[in-house]
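Have a look at the structure below before the remarks.
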Amino acid sequence: MIDITLIRKNPKIVEEALKKRNLDFPLDKLIEYDKLYRQKLKELEKNRHIKNELTLKFPKVNEEEKQKIAQEIKRIDEIINSLEKEVKELKENRDNLLYRIPNIPHESVPYGKGEEDNVTVREWGEKRVFKFKPLPHYILGEKFNIIDFNRGVKLAGSGFYALKNKGAALERALINFMIDTHVKKGYKEIFPPFLITTEGAFGTGHLPKFADDMYKTEKDDLWLLPTAELALVNFHADETLNYKDLPIYYVAYSACFRREAGRHVDLKGVLRVHQFNKVELVKITTPETSFEELEKLVNDAEEILRLLNIPYRVRLLCTGDLGFASAKTYDIEAWFPSQNKYIEVSSCSNCTDFQARRINLKFVGGGRKTPEYVHTLNGSGLAVGRTFAAILENYQEEDRIIIPEVLRPYTGFSEITLED
RNA sequence: GCCGGGAUUGCCUAGCCUGGUAAGGCGCAGGCUUGCUAAGCCUGUGGGGAUUUUCCCCGCGUGGGUUCAAAUCCCACUCCCGGCGCCA
């Protein structure tokens, strides 16, 4: 969430940020609630103070006085109780609005209405020229007997698929290859729980706004991870870190579960499903280094595609396409020859102190007098299912799929043929 | 799941029996002192509010209750540790 004092002192900044995101938000209402809240709080505290003084006086006076004080306190308690109720309600009203305000876009983020206004900042790789018409990954998956869409649907319903044979092995190899590559660059590996508390989902900003996009367990008030970001960002929730331990780099594999409620199927095959694998990167940094760290994070994610030799481009998201918790986001899009277009395989964001404030994650030291909120960053490194699909498409031959060189130590085979 | 022990401020710990408004150490920050990579001493340290050199409120796992007054007594819950049971 954003800082309430910023809204008090500089509502114009927040108003402009909302406008840049093309959001219609009742900021006036929030300010009004906050004003009332503080008014009532002041009154409440005044009464509590009176009560505290009477209580302190109590043991020092005679019996008769004691009776009088006890009665007076009873009267004040009634006032306090009713004020407490009012204050609580006003704070809830204020916070319910506050929690729905997205992060403020960084000054370097271009203004735009939606996807079409995102800016390509670089392209990498040479798009292969095919001597035959390249097939889409979902045709290849069935042709080579490595993806089973029908059985996936049978097991879990629409939006699920199963991998078979060398397809299953390739998926597993990709996960290990990605994690190893990031660990070599200094990321610490975490294997997190795949479920998270309501509090945790709230901390990253996925709740309350995106409750419909997540799976929830019925009996235990737990949510299935839509991304390992929730686990990694919440890893240090409610802690105070030391300046000298920052920045912290984490990498984690997790299955990711998304309900995709009310979304039409714009991407075929394995590209938009309810469950997919992802290797996630998270950084915890000081405020002064976070944007620099974002550039490095994007580069670390890109490195996977470079090693796999898959053409890609990097897009800087405009204000209208920016995620809720993010101040600045780069998407990395891999080349899909069958569709003649780029498709997102990673999204790397700097959430500044937006999540840190929600999860109460601070640091001390480094010349700071008081604890300060850290900055949190996250990025896919990469979405495994989509990378899998990109490999099928970019490495296809008419009678086989070639396995990229760097993956062969992980797969133990160098191609997938029709006989497999 | 059952029985017992526990949870105190960034961390560690005292206070709980016997109710009176959180003591100490470490860390961190600032200051002072010193002729040498050090040490010592002093001050500050969570959240919130205001008329912001100051004052006030809240805060002892969470939520209730008793009381003029709760870290302290009572009840429920959560989590941690140990024992038993179950178990990939």
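We name chains A, B, ... by the order of the sequence lines, and we start the count at 1 in each one.
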Taking distance alone, no hydrogens or angles, what donor-acceptor pairs closer than 3.5 Å link side-chain atoms of residues 64-80 of chain A to residues at least two apart or in another chain?
residue: A:E72; atom: OE2; partner: A:R75; partner atom: NH2; Å: 3.1
residue: A:D77; atom: OD1; partner: A:K51; partner atom: NZ; Å: 2.8

Worksheet item: Expressed as a whole number of Å, how far does the P atom of B:C81 sit from that of B:U8?
Response: 14 Å

Worksheet item: Yes or no on ring-ring contact (aromatic ring centres under 6.0 Å, His included) for A:Y250 and A:F235, after CA distance, side-chain angles and deciding distance?
Response: CA-CA 10 Å; A:Y250 284 135; A:F235 207 70; 5.4 Å; yes

Discussion item. On RNA chain B, compare the nucleotides closest to A:T370 and A:K244; which residue's is nearer the 5' end?
Written reply: A:K244

Worksheet, complete the sentence: A:E78 atom CD is separated from B:C68 atom P, nearest whole Å, by 14 Å

Practice prompt. Grab the CG-P distance between A:L56 and B:G20 for me, whole Å please.
Written response: 12 Å

Worksheet entry | P gap between B:G64 and B:A70, integer Å | 14 Å

Fill in: A:T240 or A:A70, whichever maps to the more 5' nucleotide of RNA chain B
A:T240

Worksheet item: How many Å lie between CG on A:D95 and C1' on B:G47, as a whole number?
Response: 13 Å

Practice prompt. With P as the reference atom in both, quote the distance from B:G59 to B:G48 in angstrom, rounded to an integer.
Written response: 15 Å

Discussion item. Between A:K29 and A:E32 (salt bridge meaning N to carboxylate O under 4.0 Å), is one present in this structure?
Written reply: no

Worksheet item: Rounding to a whole Å, what distance do you find between A:E199:CD and B:U62:P?
Response: 12 Å

Worksheet item: Can you find a side chain N or O atom of A:K369 that sits less than 4.0 Å from OP1 or OP2 on B:G46?
Response: no

Worksheet item: When the P atoms of B:A39 and B:C26 are considered, how many whole Å apart are they?
Response: 12 Å

Fill in: Between B:G64 (P) and A:K85 (NZ): distance, integer Å
13 Å

Item to complete: For the pair A:R306 and A:E303, find out whether any cationic side-chain nitrogen is under 4.0 Å from an anionic carboxylate oxygen.
Response: yes

Response to the item:
Whole-Å distance, A:E372 CD to B:G47 C1', equals 17 Å

Discussion item. Using atom P in both nucleotides, what's the gap between B:C75 and B:G5 to the nearest angstrom?
Written reply: 12 Å

Worksheet item: Going by an N to O cut-off under 4.0 Å, is there a salt bridge joining A:R386 and A:E171?
Response: no

Fill in: Given B:U21, B:G46, B:C28, the nucleotide with the shortest approach to the side chain of A:K362
B:G46

Worksheet entry | Charged tip of A:K362 within 45° of A:Y373 ring normal and under 6.0 Å | yes

Worksheet item: Considering only the P atoms, how many Å lie between B:G15 and B:A23, rounded to the nearest integer?
Response: 15 Å

Discussion item. Do the side chains of A:K91 and A:D34 get close enough for a salt bridge, i.e. N-O under 4.0 angstrom?
Written reply: no

Discussion item. Taking A:K296 first and then A:E302, would you say they form a salt bridge - that is, a charged N and a carboxylate O separated by under 4.0 Å?
Written reply: no

Worksheet item: When rounded to the nearest Å, what value does the distance between C1' atoms of B:U9 and B:A14 take?
Response: 13 Å

Worksheet item: Using a cut-off of 4.0 Å on non-hydrogen atoms, how would the nucleic acid contact of A:K74 be classed: base, sugar-phosphate, or nothing?
Response: nothing

Worksheet item: Parallel, tilted or perpendicular: which fits the ring planes of A:H137 and A:F336, with parallel below 30° and perpendicular above 60°?
Response: perpendicular

Practice prompt. Name the nucleic acid region contacted by A:L41, choosing base, sugar-phosphate or nothing; use a 4.0 angstrom heavy-atom cut-off, strictly under.
Written response: sugar-phosphate

Item to complete: Starting at atom CZ of A:R94, determine the distance to atom C1' of B:G49, rounded to an integer number of angstrom.
Response: 11 Å

Worksheet item: Are any of A:K57's side-chain N or O atoms less than 4.0 Å away from OP1 or OP2 of B:C68?
Response: no

Worksheet item: Taking the C1' atom of each, how far is B:C58 from B:A71, in whole Å?
Response: 14 Å

Practice prompt. Can you tell me the distance, in whole Å, between the CE atom of A:M1 and the P atom of B:G47?
Written response: 13 Å

Might you list the N or O atoms of the protein lying below 3.5 Å from N or O atoms in nucleotides 50-58 of chain B, with each pair's distance?
residue: B:A50; atom: OP1; partner: A:R38; partner atom: NH1; Å: 2.8
residue: B:C56; atom: O3'; partner: A:H49; partner atom: ND1; Å: 2.8
residue: B:C57; atom: OP1; partner: A:H49; partner atom: ND1; Å: 3.0
residue: B:C57; atom: OP1; partner: A:N52; partner atom: ND2; Å: 3.1
residue: B:C57; atom: O2'; partner: A:R48; partner atom: NH1; Å: 3.1
residue: B:C58; atom: OP2; partner: A:N52; partner atom: ND2; Å: 3.4

Worksheet, complete the sentence: For RNA chain B, the dot-bracket notation using Watson-Crick and G-U wobble pairs below 3.5 Å, [ ] for pseudoknot-type crossings and | for other-strand pairs, is ((((((((.[[[..)....(...]]]((((((.......))))))(((((...)))))..[[[[[..)....]]]]])))))))....

Practice prompt. Indicate the atoms forming the closest heavy-atom contact of A:A327 with A:F291, along with that distance.
Written response: CB-CZ, 4.5 Å

Worksheet item: Got a salt bridge between A:D300 and A:K185, using NZ or NE/NH1/NH2 to carboxylate O under 4.0 Å?
Response: yes

